[in-house]
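One structure below.
All ligand and atom numbering here is 1-based and tracks the order in the structure.
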Amino acid sequence: MNKLELESYPPEFRHLQTSQNPNPNQDTDDVEPDKEADPIPDWGAFRLINHGIPLSLLSQLEEQAKQLFSKPFEFKQASCSTTNNSPIKYFWGTPALTPSGATTLTHTINLVEGFNVFLAQLSQFQPHHHQLPLLESFRVVLVEYGKHVSTIATTLFDAMVKNLDLKLDPSKRSSYISQTTGNVRVYRYPPCFDAKGGLGLEAHTDSSVVSILAQHDTVSGLQFLRHQRWLTLNPIPNTLIVNIGDMMQAISEDRYKSARHRVKLKVKERRERVSICYFVFPDEDVVIENCKYKPFTYSHFRSHVQNDINTLGFKVGLPRFIRPSTHH
Ligand SMILES: O=C(O)CCC(=O)C(=O)O
Ligand SMILES: [Fe+2]
């Protein structure tokens with residue numbers, strides 16, 4: 001990394017590349033060698049090919065994101081801080097966000113920085129003069145991307161509900177997957193110079209109904225846990241990865257499972273990784289209840305997650321809400 005690139009990273013990340021001598025053959029930390037694979041719905045994740053998002057839009061969004069990430073750390077922090085009213089919030093170290101967009105401190109630092117974008121607030125956003133024009137053009141592309149990706153999410157949700165013949169109250173359909181909750185996180189992971197270095201994102205399941213990930217023209221790093229092994233999903237340009245989230249697992253009475261995944265860059269890539277992830281949630285106050293789960297709302301779930309992260313250091317998630325009779 002040159003000096004300018006270094007200045008674009010949070011200070012906590014800058015030491016990473018200085019001491020080590022990059023050695024592409026040193027990916028030896030996994031007990032077994034990495035395996036590559038493509039996801040199938042059984043994993044709680046699958047690849048979408050005919051998604052309908054114009055290739056030019058995907059490329060533009062990624063390009064804009066890269067430009068914004070390449071700005072000095074202090075600029076990103078000042079123009080997208082959690083204390084100003086920007087719906088585009090800059091964060092690093094942890095993607096666990098409170099509803100206000102502030103980060104919750106976890107016990108480990110994830111080697112990731114990002115912008116969290118609340119889609120519903122984007123259209124009224126007026127960046128300050130000194131932030132223009134970069135943020136303004138980012139905003140415009142995000143609005144367009146958000147329209148596409150939220151339509152895809154709803155279409156998938158409807159198809160999944162139909163597929164399982166779930167008897168959901170039709171009047172609640174739009175509250176189980178609530179457009180007003182949609183947000184996009186654009187991430188940048190610094191290049192990995194040491195196989196024993198930290199993770200880009202520690203292992204987790206998404207709390208969402210579904211998440212849609214674009215790792216369009218970037219390096220690999222996304223891994224899913226299958227039978228105690230981490231499998232790497234290589235990026236394929238112009239495809240999207242769909243993740244089932246915890247809320248879909250609960251709504252479907254466990255017939256769809258949320259997938260455990262993480263991000264870990266390989267030394268041999270030597271490049272940073274940029275990904276774009278869309279998350280959609282139920283309305284805060286809609287009650288999810290069925291034979292597997294005690295009644296709970298998403299806001300209830302979220303506060304448990306935040307509390308567990310703060311007190312235990314990790315997310316417990318759905319097991320907190322399982323009905324005792326089905327808890328083996
Ligand atoms: O960057 C990625 O590809 C995955 C991000 C992710 O898993 C998440 O934000 O929940
Ligand atoms: Fe995730």
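- T297 and D285 form no side-chain donor-acceptor contact under 3.5 Å, judged by distance and modelled atom types alone.
- At least one N/O-N/O distance between H204 and ligand 1 falls below 3.5 Å.
- A salt bridge links E284 with R302: the distance from a Lys NZ or Arg NE/NH1/NH2 to an Asp or Glu carboxylate oxygen falls below 4.0 Å.
- Checking N110 against Y187 by side-chain atom types alone, no donor-acceptor pair falls below 3.5 Å.
- With distances taken over non-hydrogen atoms, the option nearest atom 3 (O) of ligand 1 out of H261, Q223, R273 is R273.
- Atom numbering of ligand 1 starts at 1 in the shown order; those under 4.0 Å from a heavy atom of L201 are 5 (C), 6 (C), 7 (O), 8 (C), 9 (O).
- Side-chain atoms of E269 and Y189 form no donor-acceptor pair, as typed in the model, at a separation below 3.5 Å.
- Within a 6.0 Å radius of NZ in K71, no more than 12 heavy atoms belonging to other residues, nucleotides or ligands are found.
- Between S275 and ligand 1, an N or O atom pair is found at a separation short of 3.5 Å.
- Counted by atom type alone, Q179 and T154 present one or more donor-acceptor pairs between their side chains at under 3.5 Å.
- Around atom 4 (C) of ligand 1, the closest heavy atom drawn from V274, V263, I276 belongs to V263.
- Within a radius of less than 2.8 Å around the Fe ion (ligand 2), the protein N, O or S atoms are H204 NE2, D206 OD1, H261 NE2.
- Distances below 4.0 Å separate heavy atoms of Y187 from the following atoms of ligand 1: 1 (O), 5 (C), 8 (C), 9 (O).
- Side-chain contact, S208 with S211: a donor N or O sits under 3.5 Å from an acceptor N or O.
- Screening R260, R320, K315 for a salt bridge (Lys or Arg N to Asp or Glu O under 4.0 Å) with D246, the sole residue that qualifies is K315.
- When each atom of ligand 1 is checked for a heavy atom of Y189 under 4.0 Å away, the hits are 1 (O), 2 (C), 4 (C), 5 (C).
- A side-chain N or O of E113 and one of Y90 form a donor-acceptor pair less than 3.5 Å apart.
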